[in-house]
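All residue numbers refer to positions in the sequence shown, counting from 1.
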Amino acid sequence: MDFRLSDGQQLLVNTARDFLRRQCPPSVMAESVSSERGFSAELWKEISVLGWPGLLIPSEYGGSDGTTVDVILLIEEMGRACFPSPYVQSAVVATSLLVSAASPAQRERLLPAMARGDRLCVLALTEESASIDPEALTLEVEAGGTLSGRKLFVNDAHVADDLIVVTRGAAGVNLFLLDARRSGVRALPMEAMAGDKPCEVIFAGVELGAEDLLGEAGRGREVLVPALQTGALARAAEMVGCAQRILELCVDHAKARRQFGRPLGSFQAIQHACADLLRDVETSRYLVYSAAWKMEQGRECAADVAMAKAYAGRTSQAVARKAHQLLGAISFCEEHPLHLFHKRILAAGVEFGDPAHHLETVASAIGLV
């Protein structure tokens, strides 16, 4: 396994870091997350010009033929800037489902527009428990039936053009691709602290035809599981990026802040605390990279993804908590960006499976469940 970046990947990282440094400073970040959309439409257009929404889309549909590692590297940089956007929901998870399961007509209708950044598609999966476990799925409907019920915590549904709705059928899991503006579909924003925009999506007598199915009836779980793994890995990469930036804030503070006539970073306790943060960030990063490499190579990676997501979630939260201690009172002010990174880590840590869910997957992989 070679963790050295290719020339193209290094260019992607450098471009993303420079762009986000210039275009997404803390002031823009804070303004975006407090807006009704939850992200900047202008910045979304700019990253679309850079080709980021089409990174995982095949070139025949206007995409870049990118790899899993490519998108993980990009999302890590987004996390480092705490960049608010529907990127993971639409350009990663929904795109993965469409590429693997959509019919040629569905791909032709959606993927070119998604590659241009003109269309957003999100996954409507979780319900009352917010769990992604199969037994938590209770909404039942078949093709040709009528969909009534609701999905909860559907991020960015209020700005989506299309929804991929996960339901239970007689033969197994069904996926339905619906226009978000279809009669009987309504998205209501929910209260959230982290700046993300979860929604309650209500379905009131929505008539479903065979043409609405995404993939084969009853076999939705076969394509859903890999997409959820990709989403979990993307959120892990985002948390690593957030933790990396928090580490940088702590080191900068330790160098600049003076106590007792000397820099704060000259005290051994502060040095060791920052060293611990670096250890946590680096171990999380390479668990994510290892899982992404295995996924890209087509190897079995369920346990690797689960380890990366669970570990990144816990260590990134620990990094954020320690940063509050190192920075002191200023870090609790809204003018300081740390609270935004901390909240983003908390939200990302539970999306596409919380640590408990993923640790169960690891336990099963080693024969304990």
Side-chain angles (χ1 to χ4, degrees), residues 8-9 11-20 22-24 28-29 32-33 35 37-102 106-124 154-164 177 179-180 195-197 214 226-228 230-231 233-235 237-238 241 292 296 344 348 351-352:
Q9 289 170 339
L11 178 62
L12 175 64
V13 169
N14 292 343
T15 301
R17 184 169 300 181
D18 180 65
F19 173 85
L20 293 169
R22 289 184 290 104
Q23 301 296 334
C24 192
V28 172
M29 176 174 52
S32 296
V33 298
S35 68
R37 291 177 64 89
F39 66 97
S40 166
E42 291 73 23
L43 279 180
W44 182 260
K45 290 178 183 177
E46 292 192 45
I47 71 167
S48 299
V49 173
L50 293 171
W52 295 355
L55 194 56
L56 288 180
I57 294 176
S59 56
E60 63 184 292
Y61 297 107
S64 303
D65 286 321
T67 67
T68 303
V69 174
D70 294 339
V71 81
I72 291 304
L73 292 170
L74 176 59
I75 293 171
E76 183 182 345
E77 291 303 316
M78 290 180 173
R80 188 172 175 272
C82 206
F83 178 61
S85 79
Y87 190 86
V88 172
Q89 278 283 0
S90 184
V92 178
V93 178
T95 293
S96 298
L97 284 168
L98 292 171
V99 169
S100 61
Q106 289 171 330
R107 294 182 188 179
E108 193 64 46
R109 178 166 60 88
L110 270 66
L111 291 181
M114 291 175 68
R116 295 191 303 269
D118 294 337
R119 197 175 189 100
L120 297 175
C121 181
V122 303
L123 176 68
V154 184
N155 277 342
D156 305 303
H158 65 305
V159 294
D161 300 288
D162 301 279
L163 301 171
I164 298 174
L177 179 61
D179 189 314
D196 52 341
K197 298 295 180 182
L214 183 64
L228 293 178
T230 306
L233 199 56
R235 288 304 187 199
E238 183 181 35
E296 182 180 302
R344 180 64 61 85
E351 192 171 10
F352 305 116

Item to complete: Quick one: which residue pairs count as a salt bridge (charged side-chain N to carboxylate O under 4.0 Å, His left out) with a foot in residues 37-48, not counting sequence neighbours?
Response: none

Worksheet item: Given the rule in the side chain to side chain contact (heavy atoms under 4.5 Å, CB included) test, do Phe352 and Val88 qualify, once you have shown the distances and angles that lead to the verdict?
Response: CA-CA 11 Å; Phe352 305 116; Val88 172; 4.0 Å; yes

Output side-chain donor-acceptor pairs under 3.5 Å for residues 89-99, partner residues at least two apart or in another chain, one line each.
from, atom 1, to, atom 2, distance (Å)
Gln89, NE2, Glu351, OE2, 3.0
Ser90, OG, Cys121, N, 3.1
Ser90, OG, Cys121, O, 3.4
Thr95, OG1, Ser90, O, 2.8
Thr95, OG1, Ala91, O, 3.4
Ser96, OG, Val92, O, 2.6

Worksheet item: Any donor and acceptor pair, going by atom type alone, linking the side chain of Lys197 with main-chain N or O of Val154 inside 3.5 Å?
Response: no

Worksheet item: Step by step, would you call Leu120 with Val159 a side chain to side chain contact (heavy atoms under 4.5 Å, CB included)?
Response: CA-CA 7 Å; Leu120 297 175; Val159 294; 3.9 Å; yes

Which atom pairs, one a donor and one an acceptor, fall under 3.5 Å between side chains of residues 47-59 and the rest of the protein, sequence neighbours left out?
from, atom 1, to, atom 2, distance (Å)
Ser48, OG, Trp44, O, 2.7
Ser59, OG, Asp65, OD2, 2.7

Item to complete: Could you tell me which residues satisfy side chain to side chain contact (heavy atoms under 4.5 Å, CB included) with Asn14, sequence neighbours excluded, listed by chain and number?
Response: Gln10

Worksheet item: Val28: what forms a side chain to side chain contact (heavy atoms under 4.5 Å, CB included) with it, not counting sequence neighbours?
Response: Pro25, Ser32, Leu43

Fill in: Between CG on residue Leu123 and CG on residue Asn155, distance to nearest 0.5 Å
10.5 Å

Practice prompt. Might you point out which heavy atoms bring Ala348 and Glu238 nearest each other, and give the distance in Å?
Written response: CB-OE1, 3.8 Å

Could you give the side-chain donor-acceptor pairs of residues 69-79 under 3.5 Å, partners two or more places apart or in another chain?
from, atom 1, to, atom 2, distance (Å)
Asp70, OD1, Gln9, NE2, 3.0
Asp70, OD1, Thr67, OG1, 3.3
Asp70, OD2, Thr67, N, 3.0
Asp70, OD2, Thr67, OG1, 3.1
Glu76, OE1, Tyr289, OH, 2.7
Glu76, OE2, Arg285, NE, 2.8
Glu76, OE2, Arg285, NH2, 2.9
Glu77, OE1, Arg17, NE, 3.0
Glu77, OE2, Arg17, NH2, 2.8

Fill in: Pair listing, ring-ring contact (aromatic ring centres under 6.0 Å, His included) test, anchored in residues 63-90, at least two apart
none

Worksheet item: Which distance, rounded to the nearest 0.5 Å, do you find between the SG of Cys82 and the CZ of Arg344?
Response: 4.0 Å

Discussion item. Please enumerate all residues that pass side chain to side chain donor-acceptor pair (under 3.5 Å) together with Asp161, with sequence neighbours excluded.
Written reply: Arg181

Worksheet item: What pairs with Tyr61 under ring pair (Phe, Tyr, Trp, His ring centres under 6.0 Å), at least two apart in sequence or on another chain?
Response: none

Fill in: Trace of the side chain to side chain contact (heavy atoms under 4.5 Å, CB included) decision for Leu177 with Leu163
CA-CA 6 Å; Leu177 179 61; Leu163 301 171; over 6 Å; no

Worksheet item: Mind checking what makes side chain to side chain donor-acceptor pair (under 3.5 Å) contact with Arg107, not counting sequence neighbours?
Response: none

Fill in: Any residue meeting side chain to side chain donor-acceptor pair (under 3.5 Å) with Asp196, in chain and number order, not counting sequence neighbours
none

